[in-house]
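Worksheet: one structure, shown below.
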Amino acid sequence: MSAELRQRWDLPGAPMEAMLVKLDRQRGQSLWKIAAQRLRADRAARFSLWFLLFLCGASLIAPALPLPSPIAMHVDLEPLGPQVSWPTAGTRKFEREYWRLSALDEQLVSLRQLAFKEWQTGPILGTDSKGRDLLSRLVWGSRTSLFVALAAAVTSLVIGVLYGALAGLCGGRIDRLMMRVVDGLYALPFTFVVIFVLGLLSTTKSVAGISREAVFILAIGALYWLTMARVVRGQVLSLKQAEFVLAARAQGASTAWILFKHVVPNVASVVIVYLTLTVPSVILSEAFLSFLGLGVEAPKVSWGVLAVEAIEAASPLRVYWWLILFPSLAIAVVLLALNILGDGLRDALDPRTDVGGVPR
Amino acid sequence: MIGFLLRRALWFAFTLWAVATLAFFLMRAAPGGPFTAERSVPPSVELALRARYHLDWPMWKQYLSYIGPLELGSRGAFTGDGTQTFGGVLAGDFGPSFKYRDFSVNDVLAQSLPVSLGLGLTALFFAIVIGVSAGVLCALYPRGKIDFGVRLLATAGVAIPNFVLASMLILLFVFLLPLLPVAGWGTLQHSILPAAALGAPVAAYIARLVRAGLFDALAQDYVRTAIAKGMPTHIVVLRHALRAGILPVVSYLGPATAAILTGSLVIEKIFFIPGTGQHFVNSALNRDYTLAMGVTILYTGLVFFLNTVVDVIYTLLDPRIPLEEA
């Protein structure tokens, strides 16, 4: 017997140890780890994720950035085109003009005044018909648009998951009844009802103690919970009968263990994918409703508001192309990134795709 | 089939009733009325106006007279001068508009609906033609440059909102290359840009559906048989695969019409098209009770009706699929 062979067959030898160590490592391959690996391999999705994170970060710290005020008007001047000589210090001094900000945002603005004093960026993306800085309005608008989108998506998530999980868990007649209601609501063009309701409320500040912005978010969230309810219900139904759940139960696992160790992670992947794909639709709805004048209120800006302002400012005599181009580009790029990320996540979290392999 | 249609008709009636009732009471519950916005109206005139439209009636009486042709008052429901009688929604009469004083809601809708329908149909036609041909091109030249280009455009088309596209199109074809008029309605040139902007997202989605459907169909046995018999690829794709591959598109046409109707609210605003969309938003803002209700009921009914038509067509095309209960 050669040394090599003896080493291979010797039980207490090193190779066996190595194999055990390897096995040990492999056991840690959870669905989420595999998904993260796959996502890392998907260049477009990875890039989208970083881009979106960067955008969220920028809009979060927007008050601390050396941007001009988004609402300080200078109507005496013609709209300025983008000024390419960058970095341009604005000829104007910073004016502290905002709508009512939260306490944290006020702190951030004060921080900005400490750090940058009177200095502010020049009109890098130009100014609008009332002399307001477009870049600043875009960044501040992203706060509104992204916040509304996230809040509305979470609203639809909560309603949909609760409803769907309840239907799936109850099963039987209750399930049939609940799903019949969802089917019925599907046939109803909800958008029209939402437009109608928001149109009615557009002049009021609050309804039954809920601010108009919250109503706006709830209304958009209500548009999207139906599909979520269906998806979750289907997943819960199939999980109830899954063999690994049965196996866990046979081994004496408690209901709570099964719920949190088996049901929740399996539903979560579907929910996350659907959430990523809902956010762009919600951004679209927000822009659409703002466009119709039903969105956020006047001094506040969102991307939809910017888009409609641009079209209102356009005239056959002068074309303010930057007013149309940059907000449109912002909306389109974010929606594209979210769609790509959603598709990537769906591929990455799909357990049917080959384990370890790059999807597709 | 008849049972399905009957069930749908019942559900249709129930939906319309629910929407009408919801809209009626939401409008009345919302603060402000159709005449509160006018500043220079003395209280006595406002009272007279409210009496003329029976807004001084108790809520249940207003509601009943709006829904049905009931004889509830000496002058008939909602009638202003006593010359016209208002039949109620059940009789297909939406009553007089509160803002456009000399028009009934039916007049307003009769003027604007053909415009909106014309725009919507043009957009839908555009979307189907472009979408299907793009999808077929992908299947004819799979994994080539055309395929890649179509997929890229389709992703972009789904992601870009139609009003963004509309403004881009205006920039391009009105200001940079002065080929088309910027706004208005009436000629073919007027409808090109709005229809393209309205139809593009739908076209993108249809292209994706057709591509996926065709790729699916091309893997089927009967297609393999056709290829094995020596049939040219384009005939296999167009004659055999397309028939199965187009089915998802048919089922998408329901949501597509809803998307186009919703989108037209915005597109009509951008291009100053005198369609129904402008009334939809403005009437709710103006508290023009009857007009807002009329438009809401009309649009709900339209979408529901078209969805049913699509479901029926779907079963006719593919007899394997049973009509789902709605």
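Below, each value reflects all heavy atoms present in this structure, side chains not excepted, and no hydrogens, waters or symmetry copies. In what follows, every chain begins at residue 1, and chains take the letters A, B, ... in the order their sequences are listed.
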Please report the interatomic distance CZ(B:Phe163) to CG(A:Leu292), rounded to the nearest 0.5 Å. 9.0 Å
Under 4.5 Å heavy-atom distance to chain A, tell me which part of B:Leu22 shows up: side chain, backbone, both or neither. side chain
Side chain / backbone / both / neither for B:Thr296 at chain A, heavy atoms under 4.5 Å: side chain
With a sphere of 6.0 Å drawn around CD1 of A:Ile174, does it hold more than 12 non-hydrogen atoms of other residues, nucleotides or ligands? no
Tell me, for B:Ala23 versus chain A, whether the close heavy atoms (under 4.5 Å) come from the side chain, the backbone, both or neither. both
Between chain B and each of A:Ala332, A:Ser328, A:Pro327, A:Ser281, count heavy-atom pairs under 4.5 Å; write down the option with the most. A:Ser328
Residues, nucleotides or ligands: over 12 heavy atoms within 6.0 Å of B:Phe12 CZ: yes
Nearest non-hydrogen partners of A:Leu325 and B:Met168, listed with the distance: CD1-CE, 3.9 Å
Identify the two heavy atoms, one from A:Phe288 and one from B:Leu265, that lie closest to each other, and give their separation to 0.1 Å. CZ-CD1, 4.1 Å
Decide if atom CZ of B:Phe305 counts as having more than 12 heavy atoms of other residues, nucleotides or ligands within a radius under 6.0 Å. no
If one checks every heavy atom of A:Ala287 against chain B at 4.5 Å, the contacting part turns out to be both
More than 12 non-hydrogen atoms from neighbouring residues, nucleotides or ligands closer than 6.0 Å to CZ on A:Phe147, yes or no? no
